[in-house]
Amino acid sequence: MTHNKLLAPSLLSADFGNLAHDIEIINNSKADWLHIDVMDGVFVPNISFGFPVLEYVNKLSKKPLDVHLMIVEPTKFIDECKKIGAMMMNVHYEACTHLHRSVSAIRQSGMRAGVTLNPHTPVELLEDIITEVDLVLLMSVNPGFGGQKFIENTYSKISRLRSMIDRKGSKALIEVDGGVNLDNAAKIYNAGADVLVAGNAVFKADDIEEVINRFKNL
Ligand code: DX5
Ligand code: ZN
């Protein structure tokens with residue numbers, strides 16, 4: 001069993017008026033990845049930022065980009081994700097009718113493929129694809145907004161997914177997104193998560209670097 005304890009601060013909670021400044025803080029920190037939330041106002045009831053902005057984020061970021069697409073028909077944007085330098089392309093299970101085809105196409109392009117599950121979607125639905133994905137992103141809030149409360153049922157989803165991954169001999173990482181903070185992070189890692197996304201807990205802190213250090217020392 002691997003326990004990587006990686007941290008991916010979410011750019012959604014950064015100061016959009018000073019993006020370059022906030023990205024520089026993350027570059028100089030012990031954060032592992034930069035989490036990028038793309039929303040289309042259709043799959044989720046909010047719109048964030050799109051590829052023209054992310055081109056600049058890619059130029060500025062020294063951390064690998066973990067792109068989370070909360071959009072319908074995400075596989076239309078494989079080339080765009082590749083172009084903005086995405087290391088991981090996360091598509092929602094609920095947005096992909098032909099998930100196997102989507103995952104194969106993402107990997108074919110040279111990116112790693114992540115599959116994201118909404119809070120109500122059971123992890124058991126991944127049984128027949130788990131050996132072919134690089135990461136499963138479990139939403140611990142309903143996607144669309146930062147600063148929401150962690151849904152407690154996620155702990156059971158992490159353990160069930162951990163067992164499935166181990167039983168199937170999959171190498172997939174488990175990432176958890178939404179409502180993660182310094183009070184619940186240790187419990188989430190202990191349940192079997194490899195990567196935590198943290199938006200408000202990181203960017204709304206007085207001392208961003210210190211909070212990241214505290215996450216990394218858990
Ligand atoms: C929610 C996004 C999250 C969000 C997390 O739709 O997918 O990545 O930025 O923000 P916090 O950590 O504040 O809940
Ligand atoms: Zn996200």
Side-chain angles (χ1 to χ4, degrees), residues 6-16 19 22-23 25-26 29 31-51 53-54 57 61 63-72 74 77 81 84 86-96 111-121 134-155 157-158 173-189 193-206 208 211-212 214-216 218:
L6 304 180
L7 180 69
S10 172
L11 196 68
L12 188 65
S13 301
D15 177 358
F16 289 174
L19 266 189
D22 280 10
I23 291 170
I25 295 178
I26 300 303
S29 77
D32 299 280
W33 300 345
L34 184 61
H35 186 79
I36 306 284
D37 291 305
V38 179
M39 305 179 187
D40 66 354
V42 179
F43 184 72
V44 288
N46 197 7
I47 295 176
S48 53
F49 35 67
F51 295 105
V53 174
L54 296 180
V57 171
S61 177
K63 304 289 179 178
L65 301 186
D66 174 36
V67 178
H68 174 197
L69 296 176
M70 284 162 272
I71 63 175
V72 296
F77 296 96
C81 285
I84 59 112
M87 171 272 298
M88 183 76 69
M89 177 171 168
N90 287 291
V91 296
H92 267 261
Y93 175 89
E94 302 83 5
C96 295
M111 293 180 288
R112 294 204 236 166
V115 174
T116 309
L117 301 186
N118 273 334
H120 72 279
T121 305
D134 298 296
L135 176 144
V136 178
L137 175 55
L138 295 177
M139 289 312 300
S140 40
V141 297
N142 285 295
F145 305 91
Q148 302 182 80
K149 196 175 168 298
F150 185 87
I151 297 171
E152 297 284 315
N153 183 57
T154 313
Y155 293 114
K157 293 180 76 172
I158 300 167
L173 297 175
I174 301 177
E175 182 174 26
V176 176
D177 184 8
V180 173
N181 55 49
L182 279 167
D183 294 328
N184 57 20
K187 190 171 169 192
I188 303 170
Y189 281 132
D194 301 292
V195 192
L196 301 191
V197 175
N200 275 28
V202 167
F203 284 105
K204 304 295 184 220
D206 291 334
I208 294 176
V211 168
I212 293 174
R214 286 175 63 192
F215 267 103
K216 291 299 294 179
L218 282 170

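Indexing begins at 1, ligand by ligand and atom by atom, following the structure's order. Just the heavy atoms: all of them, side chains too, but no hydrogens, waters or symmetry mates, feed the values below.
Ring-plane geometry between H68 and H92 is classed as parallel, the angle between the planes falling under 30 degrees on a 0 to 90 degree scale with a further cut at 60.
The side-chain heavy atoms of L12 and M39, taken from C-beta on, include a pair separated by under 4.5 Å. Using a 4.5 Å heavy-atom threshold, the side chains of I36 and I84 count as separate. Contact of the D177 side chain with the V195 side chain is not registered, since no non-hydrogen atoms from C-beta on lie closer than 4.5 Å. P119 is listed as a side-chain neighbour of N142, based on a closest heavy-atom distance under 4.5 Å.
Within the structure, ligand 1 has G179 among the residues with a heavy atom less than 4.0 angstrom away. At a 4.0 Å cut-off, at least one heavy atom of M139 sits close enough to ligand 1 to count as contact.
At the shortest separation from atom 10 (O) of ligand 1 among protein heavy atoms lies G146 CA, 3.5 Å. Scanning the protein for heavy atoms near atom 5 (C) of ligand 1, the closest one is D177 OD1, 3.5 Å. Nearest non-hydrogen protein atom to atom 9 (O) of ligand 1 is S10 OG, 2.8 Å. Looking only at heavy atoms of the protein, atom 12 (O) of ligand 1 is closest to G199 N, 2.8 Å. Of the protein's non-hydrogen atoms, G144 N, 2.7 Å is the one closest to atom 6 (O) of ligand 1. Here the protein heavy atom with the shortest distance to atom 1 (C) of ligand 1 is F145 O, 3.5 Å. For atom 11 (P) of ligand 1, the closest heavy atom belonging to the protein is G147 N, 3.6 Å.
The contact set between ligand 1 and P143, taken as ligand atoms under 4.0 Å from a residue heavy atom, comprises 6 (O). The L12 neighbourhood of ligand 1 comprises atoms 9 (O), with distances under 4.0 Å to a heavy atom of that residue. Ligand 1 places these atoms under 4.0 Å from at least one heavy atom of A198: 12 (O). Each of the atoms 8 (O) of ligand 1 lies under 4.0 Å from some heavy atom of V197. Within ligand 1, the atoms closer than 4.0 Å to a non-hydrogen atom of G178 are 14 (O), numbered from 1 in the order shown. Within ligand 1, counting atoms from 1 as listed, the ones closer than 4.0 Å to a heavy atom of D37 are 2 (C), 3 (C), 4 (C), 7 (O), 8 (O), 9 (O). Residue-ligand proximity, H35 to ligand 1, at heavy-atom distances under 4.0 Å covers atoms 8 (O). If you number the atoms of ligand 1 from 1 as listed, the ones under 4.0 Å from a heavy atom of M70 come out as 6 (O), 7 (O).
If you look at H68 and ask which of its N, O or S atoms sits nearest the Zn ion (ligand 2), the answer is ND1. No other N/O/S atom of D177 lies as close to the Zn ion (ligand 2) as OD2 does.
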Derivation of the side-chain contact (heavy atoms from CB on, under 4.5 Å) call for S61 and I26: CA-CA 8 Å; S61 177; I26 300 303; over 6 Å; no
Audit row: N118, F43, side-chain contact (heavy atoms from CB on, under 4.5 Å) steps and yes/no: CA-CA 11 Å; N118 273 334; F43 184 72; 4.0 Å; yes
Stepwise side-chain contact (heavy atoms from CB on, under 4.5 Å) test for V202 and F215: CA-CA 9 Å; V202 167; F215 267 103; 4.3 Å; yes
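Smallest separation of non-hydrogen atoms from W33 and P9: O-CD, 3.1 Å. Here the closest non-hydrogen pair linking V197 and V180 is O-CB, 3.3 Å.
Between the side chain of N181 and the backbone N or O of F150, no donor-acceptor pair lies under 3.5 Å. Although no hydrogens or angles enter the test, the distance criterion places no donor-acceptor pair under 3.5 Å between the side chain of K157 and the main chain of L138.
The shortest N or O to N or O distance between N200 and ligand 1 is below 3.5 Å.
In this structure F145 satisfies the ring pair (Phe, Tyr, Trp, His ring centres under 6.0 Å) test with no other residue, sequence neighbours excluded.
Rounded to 10°, the angle formed at the Zn ion (ligand 2) by NE2 of H35 and OD1 of D37 is 90°.
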